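These values consider heavy atoms only, across backbone and side chains, with no hydrogens, waters or symmetry-generated copies. Predicted model only: the values in this text are computed from it and were never measured. Note that ligands are numbered from 1 as they come in the structure, with each ligand's atoms numbered from 1 the same way.
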Amino acid sequence: MALDVLLGLQWGDEGKGKIVDVLTPKYNVIARFQGGPNAGHTLEFNNIKHVLHTIPSGIFRENTKNVIGNGVVIDPIIFKNEIDKLKQMNVAIEENLFISKKAHLILPTHRLLDAASEKAKGKNKIGSTLKGIGPTYMDKTGRNGLRVGDILTNDFKEKYDQLVEKHAKLLTFYAFDYDLAPAEKEWFESIELLKKLTLVDSEYFLNNELRNGSNILAEGAQGTLLDIDFGSYPFVTSSNTTSSGTSTGLGIAPNKINNVIGIFKAYCTRVGSGPFPTELFDETGKKIQEVGHEFGATTGRERRCGWLDIPALKYAIMINGATELSMMKADVLSGFDTIKVCTHYKINGRLVDYMPYDICDADIEPVYIELKGWTEDLTQMVSIDELPSAMQDYIDFLEDTLETPITIVSVGPNRNQTLIRKQYA
Ligand code: GDP
Ligand code: IMO
Ligand code: MG
């Protein structure tokens, strides 16, 4: 009878998909509340590796309802591809997937606008995933958007044409060449599939579930430092990725939120442009990237890598009200003599431990402490007690500094490579 939230505390790709899949047996419903196909959530089990973009990560577990909430933006083409793949794996889509009628649709022209806007920005580009996310949320707040429920109305094609006409004018402004016809055809074919799925008034659906005693887990996409309000603006995504986004993105009141599980990697990564105070440009950064396979699940781009950033993590814990933490990819740090952790930033000679407003422009020098590394391979370990003592010290140090319990330690991509450190509340 509770809503828990699981979300990323860094710049995305923390391993949310994996942990949602691990925790799903404790929940009746898994719900996505924001973002769209800019997300790539990887799950691994039974020798299967699967990347989900729009569909919640509870979809592989039997008897679990998966809801795409009103706060999500859906590209019908990408969505259809996802569904086709899942159907090949005999996943019960018809029975277990529910889509909010209020979720907004990404049109082919939204993708074109995303590309045109990025091109026009030149070297100041956001490094967007080019999935049309920004333009779709712009049409949502501009009150021009098309929603899933609209596909059931008689004048859907007229509504679509009107919006495309507006986009065509905008694209003239960008002087951006394009051929819309092939994508448009595929888009309308995919809309036909969407019509056959279960479209719901998700706010009623979810609140009824709560009333009937269900436990719901809200699955975040992206990460706190990409939040439209609290991230490193303008190098952010276009939605509220933080815990408050759950209420607006699902229609569940804030007083129904119970646990907030914050996920972080044992180091930091970022894909796309924007500030990254602890970024490493040396061999250590390359090693983390190689060992951690740090390449985007959606775009395949190289992820920038760096040491853990405590001021950023504390900020994320504060904004989200995180009640517990999952530490991911601990195994990747095996083999370093020392592990560095940034405890403060030095800005203009002053030590600070908060995220400055001008993070994009400030000259930030990270101040590190060094902790002893470990050499043991963690990936086969099955209990927290097996972890080397240097690693235990690393965890204890972080827990003390962050003043929040670390309940899960992940030591590999597989569902089974998950160590429960403290009993999940
Ligand atoms: P998400 O977007 O937060 O769901 O994360 P991604 O799927 O984009 O990126 C996380 C990547 O790390 C995926 O390739 C996962 O399979 C992998 N992964 C997750 N947890 C671990 C872990 O503990 N160790 C290692 N080595 N890989 C992990
Ligand atoms: P998951 O859910 C990592 C980044 C992009 C870009 C910025 C804006 O897998 O953690 P957008 O396409 O949203 O307009 O891009 O946000 N970004 C992500 N980075 N993981 C993600 O999702 C991301 N979704 C968007 O790289 O810098
Ligand atoms: Mg990802």
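If you look at Tyr315 and Tyr354, their ring centroids are not closer than 6.0 Å.
With a 4.0 Å heavy-atom cut-off, ligand 2 is reached by no atom of Arg270. Residue contacts with ligand 2 for Lys131 are absent, since no atom lies close enough (heavy atoms, distance under 4.0 Å). Only backbone heavy atoms of Trp11 (N, CA, C or O) come within less than 4.0 Å of ligand 2; its side chain stays farther off.
Judged by the shortest distance from any of its heavy atoms, Gln10 lies outside the 4.0 Å radius around the atoms of ligand 1. Using a non-hydrogen distance threshold of 4.0 Å, Arg303 does not register as a contact of ligand 2.
Note on the Mg ion (ligand 3): protein N/O/S atoms under 2.8 Å are Asp13 OD1, Gly40 O.
On a distance-only criterion, Ala221 and ligand 2 share no N/O pair closer than 3.5 Å. Residue-to-ligand polar distances place Asn38 within reach of ligand 2: an N/O pair is separated by less than 3.5 Å.
For atom 17 (N) of ligand 2, the candidate residues are Thr237, Leu226, Val271; the nearest heavy-atom contact is made by Leu226. Looking at Gly231, Ser232, Ser128, Gly12 and measuring to atom 15 (O) of ligand 2, the nearest heavy atom belongs to Ser128.
Looking only at atom types and distance, the side chain of Tyr267 has a donor-acceptor partner in the side chain of Glu294 under 3.5 Å away.
Protein heavy atom in closest approach to atom 14 (O) of ligand 1: Thr42 OG1, 3.9 Å. For atom 6 (P) of ligand 1, the nearest protein heavy atom (residue, atom name, distance) is Gly40 O, 3.5 Å.
Here His167 pairs with His110 under the ring-ring contact (aromatic ring centres under 6.0 Å, His included) rule; sequence neighbours left out.
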